[in-house]
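Here the structure comes first, spelled out in structure tokens, and everything after it is commentary.
Computed from a predicted model, the values in this text were never measured in an experiment.
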Amino acid sequence: MRHLLLVIGLFAVSTASFAQHPGDTVNAVFADKYGAVWFGTDYGLLRKTDNTWKAYFTKDNEPVFVNSLTNQHPADSILWVGTKKGAVQANISSGGLVSTLAYDKNNSAIESDVILDIALNQYLNCFYATPLGLGILVDKIWSFIKTIGDVPEAEYTSAKALGDTIYIGTRGKGVARLIKTVDGFTGASAYVQPWAGLPSDDIICVFIDSKRNQWYGTSSGVARHTSIKTKQGWDVYITNELPDLHVNAIAEDPDGNIWIGTSGGLSKLASDLVTITNYKISEGLPDNHINTICVLSKNSIWIGTNKGASHFDGTKFENVLTSDFAKNFEGPAGIRDNAAAISNFYMVYPNPVTSGLNITFTKALSQPAVAEIFNLQGSLLKSWTIDKNQSHFYYDLCADPGKKLFPGTYLLLIQTVTVKQASKILVQ
């Protein structure tokens with residue numbers, strides 16, 4: 001019986017042949033109840049708390065391609081992870097990932113290991129959108145269906161729950177609607193052109209707003225459905241004011257603004273549903289291809305793109321390349337040792353060190369550098385700035401008695417605006 005097991009903890013990489021970091025394509029972002037933000041990338045999971053990052057990979061270090069992150073319930077500590085190798089039920093805590101339980105086509109009724117999205121209804125029944133159909137887990141009993149109502153076999157792309165109803169987007173065949181009560185399935189129907197009001201039957205994403213309205217991102221624009229009647233209450237937004245009509249993600253902020261992620265940029269549709277503000281690389285985004293949007297608060301929004309993640313504080317974007325953080329915390333395979341670093345940015349000696357740390361740069365700094373020391377759990381312990389024009393720097397590890405480094409292995413990370421390098425140091 002094959003399982004997808006996410007390695008628990010930091011420094012999971014054990015072979016140098018691994019790609020060495022998650023790709024910078026961020027497919028999913030999720031904020032948990034502990035204040036941490038999770039990023040689903042092409043090679044695994046990243047977790048951010050303040051300035052501390054943790055990386056989680058598969059046991060065999062193979063690319064896992066995290067497609068979706070779904071909280072089981074706001075009060076729970078369970079995170080569902082949809083990947084291209086199955087579905088993972090992850091137990092999380094304030095410290096990160098605790099344990100995992102994995103499902104794939106060999107130990108469940110899911111006929112495809114490619115899980116594009118996961119939804120949970122009010123009874124905590126799980127629905128898995130896959131290219132071959134819909135996997136369903138109810139009270140530990142599995143089923144798999146390929147036809148829902150008037151929707152024949154289709155590639156299911158996205159799933160969202162509203163009470164006991166599940167709305168499932170498909171490729172080229174509209175929206176499938178499935179009603180699951182405590183005792184069973186009581187209804188199935190579909191939204192399809194021409195009468196549904198969808199700009200396209202090619203559905204990329206599904207979103208439910210705070211007013212219980214359904215939003216559908218398609219390959220030809222955005223549609224909103226506000227009525228309980230399937231043929232009424234449709235609004236379509238295919239205006240040329242959107243940066244691109246291929247809509248990959250939709251979210252809502254506390255002010256009722258609707259954020260729309262497209263293949264050509266990010267849009268904010270104001271609560272008046274008329275005014276549109278667009279953001280692209282020229283406004284500070286790392287990439288115009290938007291994959292996911294996660295709203296933490298009015299002035300805290302995370303955007304996942306093909307070239308890293310970006311945090312919007314209401315005024316400006318702060319961008320991070322996820323691979324930069326992961327490769328600095330991977331462990332032996334991802335951290336260059338001193339022998340390899342001599343011909344690069346800097347070297348450090350003595351190593352092992354007792355109190356005084358000497359840092360010699362291969363050439364004088366043309367810009368200021370920030371030096372940081374982390375423990376093996378990824379927590380930042382010490383930080384200082386090195387002025388430009390320096391080629392050598394001495395740092396007293398005992399300078400701050402309140403932040404004493406006990407004997408053990410640590411990571412020294414030094415970076416400027418243009419270059420970054422991490423090395424292991426052993427404190428005796």
Side-chain angles (χ1 to χ4, degrees), residues 4 27-28 40 65-73 78-89 101-192 196 198 200-208 214-219 223 225 230 248-250:
L4 171 65
N27 304 306
F65 295 98
V66 176
N67 297 315
S68 65
L69 298 171
T70 305
N71 192 204
Q72 178 161 299
H73 187 276
I78 296 178
L79 176 64
W80 282 94
V81 185
T83 81
K84 289 188 178 180
K85 292 187 176 182
V88 178
Q89 183 183 12
L101 178 62
Y103 301 104
D104 57 34
K105 62 184 179 182
N106 289 331
N107 69 342
S108 71
I110 302 176
E111 295 185 15
S112 171
D113 283 342
V114 179
I115 310 299
L116 299 174
D117 201 4
I118 301 175
L120 292 94
N121 68 3
Q122 61 183 350
Y123 311 111
L124 297 185
N125 305 147
C126 294
F127 300 83
Y128 308 84
T130 83
L132 300 181
L134 187 71
I136 304 173
L137 177 59
V138 178
D139 295 328
K140 299 182 180 180
I141 299 175
W142 283 94
S143 60
F144 193 83
I145 56 178
K146 296 185 176 181
T147 300
I148 300 177
D150 298 327
V151 178
E153 293 187 17
E155 175 183 347
Y156 295 122
T157 58
S158 179
K160 292 295 180 290
L162 177 60
D164 57 7
T165 304
I166 305 295
Y167 298 91
I168 309 111
T170 76
R171 284 286 188 181
K173 297 181 180 179
V175 178
R177 185 176 64 172
L178 184 66
I179 301 175
K180 172 69 178 74
T181 63
V182 175
D183 299 324
F185 297 100
T186 62
S189 58
Y191 299 151
V192 294
L198 291 166
S200 169
D201 284 337
D202 190 18
I203 311 299
I204 312 301
C205 64
V206 181
F207 174 72
I208 309 296
Q214 310 131 45
W215 291 78
Y216 301 104
T218 79
S219 58
H225 187 220
T230 58
N248 304 310
I250 303 174

- Evaluate the side chain to side chain contact (heavy atoms under 4.5 Å, CB included) criterion for residues Phe127 and Ile118: first the C-alpha distance (whole Å), next the side-chain angles of each, then the deciding distance (0.1 Å), finally the verdict. CA-CA 6 Å; Phe127 300 83; Ile118 301 175; over 6 Å; no
Would you say [X] and [Y] make side-chain contact, with heavy atoms under 4.5 Å?
X: Asn67; Y: Lys84; answer: yes
X: Leu116; Y: Ser68; answer: no
X: Leu198; Y: Tyr191; answer: yes
X: Lys173; Y: Val192; answer: no
X: Asn125; Y: Leu120; answer: no

Restricting to non-hydrogen atoms, name the atom on [X] and the atom on [Y] that form the minimum distance, rounded to 0.1 Å.
X: Gly169; Y: Val206; result: N-CG2, 3.8 Å
X: Tyr103; Y: Leu101; result: OH-CD2, 3.1 Å
X: Ala119; Y: Ala159; result: CB-O, 3.5 Å
X: Trp80; Y: Cys126; result: CZ2-SG, 3.6 Å
X: Thr157; Y: Ile203; result: OG1-O, 2.7 Å
X: Ala176; Y: Tyr156; result: CB-CE2, 4.3 Å

Would the distance check show the side chain of [X] and the main-chain N or O of [Y] forming a donor-acceptor pair, the cut-off being under 3.5 Å?
X: Asp104; Y: Asn106; result: yes
X: Asn107; Y: Ala102; result: yes
X: Thr130; Y: Leu134; result: no
X: Asn71; Y: Ile78; result: yes

Between [atom1] on residue [X] and [atom2] on residue [Y], distance to nearest 0.5 Å:
X: Ser158; Y: Arg171; atom1: OG; atom2: CZ; result: 10.5 Å
X: Thr218; Y: Asp201; atom1: OG1; atom2: CG; result: 9.0 Å
X: Asp113; Y: Tyr128; atom1: CG; atom2: OH; result: 13.0 Å
X: Trp142; Y: Ile110; atom1: CH2; atom2: CD1; result: 3.5 Å
X: Ile148; Y: Arg177; atom1: CD1; atom2: CZ; result: 12.0 Å
X: Leu132; Y: Ser112; atom1: CG; atom2: OG; result: 4.5 Å

- Leu178 and side chain to side chain contact (heavy atoms under 4.5 Å, CB included): which partner among Val151, Asn121, Ile145?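 That would be Ile145; it is the only one of Val151, Asn121, Ile145 passing the side chain to side chain contact (heavy atoms under 4.5 Å, CB included) with Leu178.
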- Task: Would you please indicate if the ring centroids of His225 and Tyr216 are separated by under 6.0 Å?
- Result: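 No, they do not, as the ring centres are separated by 6.0 Å or more.
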- Query: Listed by chain and number, what are the salt bridge (charged side-chain N to carboxylate O under 4.0 Å, His left out) partners of Lys146, not counting sequence neighbours?
  - Reply: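 Counting only residues at least two positions away or on another chain, Lys146 forms a salt bridge (charged side-chain N to carboxylate O under 4.0 Å, His left out) with Glu111.
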- Could I get the full list of salt bridge (charged side-chain N to carboxylate O under 4.0 Å, His left out) partners for Asp117, not counting sequence neighbours?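 So Asp117 forms a salt bridge (charged side-chain N to carboxylate O under 4.0 Å, His left out) with Lys160.
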- Item | Contacts of Ser219 that satisfy side chain to side chain donor-acceptor pair (under 3.5 Å) - sequence neighbours left out |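 For Ser219 the side chain to side chain donor-acceptor pair (under 3.5 Å) partners, ignoring immediate neighbours, are Ser200, Asp202.
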